[in-house]
Amino acid sequence: MSLQNDTIAAISTPQGPGAIGILRLSGPEAVSAAEKCFKPLGPKGLRDHPPRALVYGDLLDSGGQPIDRVLCTYSLSPSSYTGEDTAEFQCHGSPMVLALGLEALFAAGARQARAGEFTRRAFLNGRLDLAQAEAVGDLLSAQSREGARHAAGQLAGALSKKIGDIYSALVDVMAHFHAVLDYPDEDIDPFRMEQLDEALAHQEGALNALLASCGRGRLLREGVPCAIVGRPNAGKSSLLNAMLGWERAIVTDIPGTTRDTVEERCELGGVPLRLIDTAGLRDTTDPVEKLGVERSRRAMEEAGLILVLIDASRPAQDQDFALLQEAMALAPTILVWTKGDLPQAPIPVVNMELPPSVTVSAKVRDLDELCNEISCAFPQDLWGDYGEILTNARQEEAASRAREAVRRAREALTAGFTPDALLTDVEEALSALGELTGQSVREDVTNRIFSKFCVGK
Ligand code: GDP
């Protein structure tokens, strides 16, 4: 374990008044800095209480004056989040108290922690591997239940275990080839060759499965791109606002108001969505609006889900069904009859197979049918076991390098290359897998990962 020799401090709760505000310390002087700024109410000092106990007392400013009545706790290395000595103050969530408290901690010898520095220390001290540390970031920024559950699974080590299993199977293969290198006069018998190829093929399969999870990981992080399309005035902007629960797009009754596309994230029916409101699809000669229409078509082409909106209070037109047909050819589609609160116009008989259809009212915020239909389109088991998916480009790139290296090793084996050529490939696969968990990762890469975290995490 490589402990840092300085002590860091930060406010770990969001800025602004709140019920509770937390000050956090980590490093060799964490407990003594906490002691300097804290006076327990009882007769015992902080360190007379066992680690992890919550001790009630006064937080003192740098002049020794009480600034808040707080709970303080400390943990000792290595049994803490960072692996170092740590201390934490649970204060009232007053920005002024927290600022004064932090000042006092600086006066007691701590320095301001940088973004993600607590988690970085946890990684450097072996408390978390890199995939788990990334999961901390994913958990903090999760925008859907499924995203949060997957991040929690990854934090608990689900992905690290998968990678670890592939890693140790490849180490076994390496060990065998090293043995062959040590005794070059002995040939590898064909049966053994077959076994080795099988072992490599098995790991190639495991890497393929992992890489196949990237698409799901991206959808969880970024949301399923969901295009909301329909003729002008069908109620697209109103539905988008109702889905988001607030007024994001400008709603007017002048056809063609939404000329650009508007994108927002939300969760509906448990599914993370990236909603794309589009300009009304209709033939137009206005060049600005024409651009918007082109964008709408592009949004449909890129969508993972298309909501085709038809105003149920007016007679539907051929154009509506033509659009529906176009959408169904591109992605899973739901036909959404809008303005369900108004008297309904008769639905024309059409000579086409319709997708699942629901009725909504943006006006009275009735989206229940739509929520159910979206959950049916993306059932929970589609996302796979919690935490066992690759969720970012860095992980995808490293896993695909590992897979290519394993493929090359298999080719080398079949082509009868010397064991040392094969070893180079397997070593490369191991090093790429090590990057996933952080065993063999460059410092600039880790710096980049942790700099995306907030200060105090
Ligand atoms: P867009 O052009 O497709 O984006 O349609 P808008 O969302 O701008 O809506 C067009 C008009 O329909 C506006 O006057 C809205 O107030 C109205 N509208 C939209 N949704 C509903 C609804 O659920 N019920 C009622 N009664 N009116 C709605």
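Side-chain atoms are counted along with the backbone in the values below, which use heavy atoms only and exclude waters and symmetry mates. Atoms within each ligand, like the ligands themselves, are counted from 1 in listed order. This structure is a prediction, so every number in the text was calculated from the model and none was measured.
Closest to atom 22 (C) of ligand 1 by heavy atom, among Asp311, Val229, Asn233, Asp341, is Asp341. Remark: among candidates Gly235, Pro232, Gly340, the nearest residue to atom 5 (O) of ligand 1 is Gly235, based on non-hydrogen atoms.
Ligand 1 is never approached by Thr338 to a heavy-atom distance shorter than 4.0 Å. Residue-ligand proximity: Gly230 is placed with every non-hydrogen atom at 4.0 Å or more from ligand 1.
Between Thr13 and Leu98, some side-chain heavy-atom pair lies under the 4.5 Å cut-off.
Within ligand 1, the atoms closer than 4.0 Å to a non-hydrogen atom of Ser361 are 23 (O), numbered from 1 in the order shown. The ligand atoms of ligand 1 that sit less than 4.0 angstrom from a heavy atom of Lys236 are 1 (P), 2 (O), 3 (O), 4 (O), 5 (O), 7 (O). Those atoms of ligand 1 with a heavy atom of Ser238 less than 4.0 angstrom away are 6 (P), 7 (O), 9 (O), 15 (C), 19 (C), 20 (N). Set against the non-hydrogen atoms of Leu342, the atoms of ligand 1 under 4.0 Å away are 26 (N).
In terms of heavy atoms, Ala398 sits closest to Ala432 at O-CB, 3.5 Å. Shortest non-hydrogen contact noted between Phe89 and Leu25 is CE1-CD1, 4.3 Å.
With respect to Thr86, the side chain to side chain contact (heavy atoms under 4.5 Å, CB included) criterion is satisfied by exactly one of Ser77, Ser79, Ser80: Ser80. Looking at Leu268, Leu219, Leu307 one by one, the single match for side chain to side chain contact (heavy atoms under 4.5 Å, CB included) with Leu273 turns out to be Leu268.
Among the atoms of Val360, none of the N or O lies under 3.5 angstrom from an N or O of ligand 1. Where the criterion is an N or O separation shorter than 3.5 Å, residue side chain and backbone included, Ala234 meets it with respect to ligand 1. At least one N or O atom of Ala362, backbone or side chain, sits closer than 3.5 Å to an N or O atom of ligand 1.
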Q) Glu134 and Phe123: side chain to side chain contact (heavy atoms under 4.5 Å, CB included), yes or no, with the steps? A) CA-CA 10 Å; Glu134 280 178 317; Phe123 164 65; over 6 Å; no

Q: Start with the C-alpha gap between Lys162 and Asp165, add the side-chain angles, then the distance that decides, and say whether salt bridge (charged side-chain N to carboxylate O under 4.0 Å, His left out) holds.
A: CA-CA 5 Å; Lys162 281 222 136 177; Asp165 290 347; over 6 Å; no

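Contacts of Ala10 classified as side-chain contact (heavy atoms from CB on, under 4.5 Å), with partners at least two apart in sequence or in another chain: Gln112, Ala113, Phe118, Val455.
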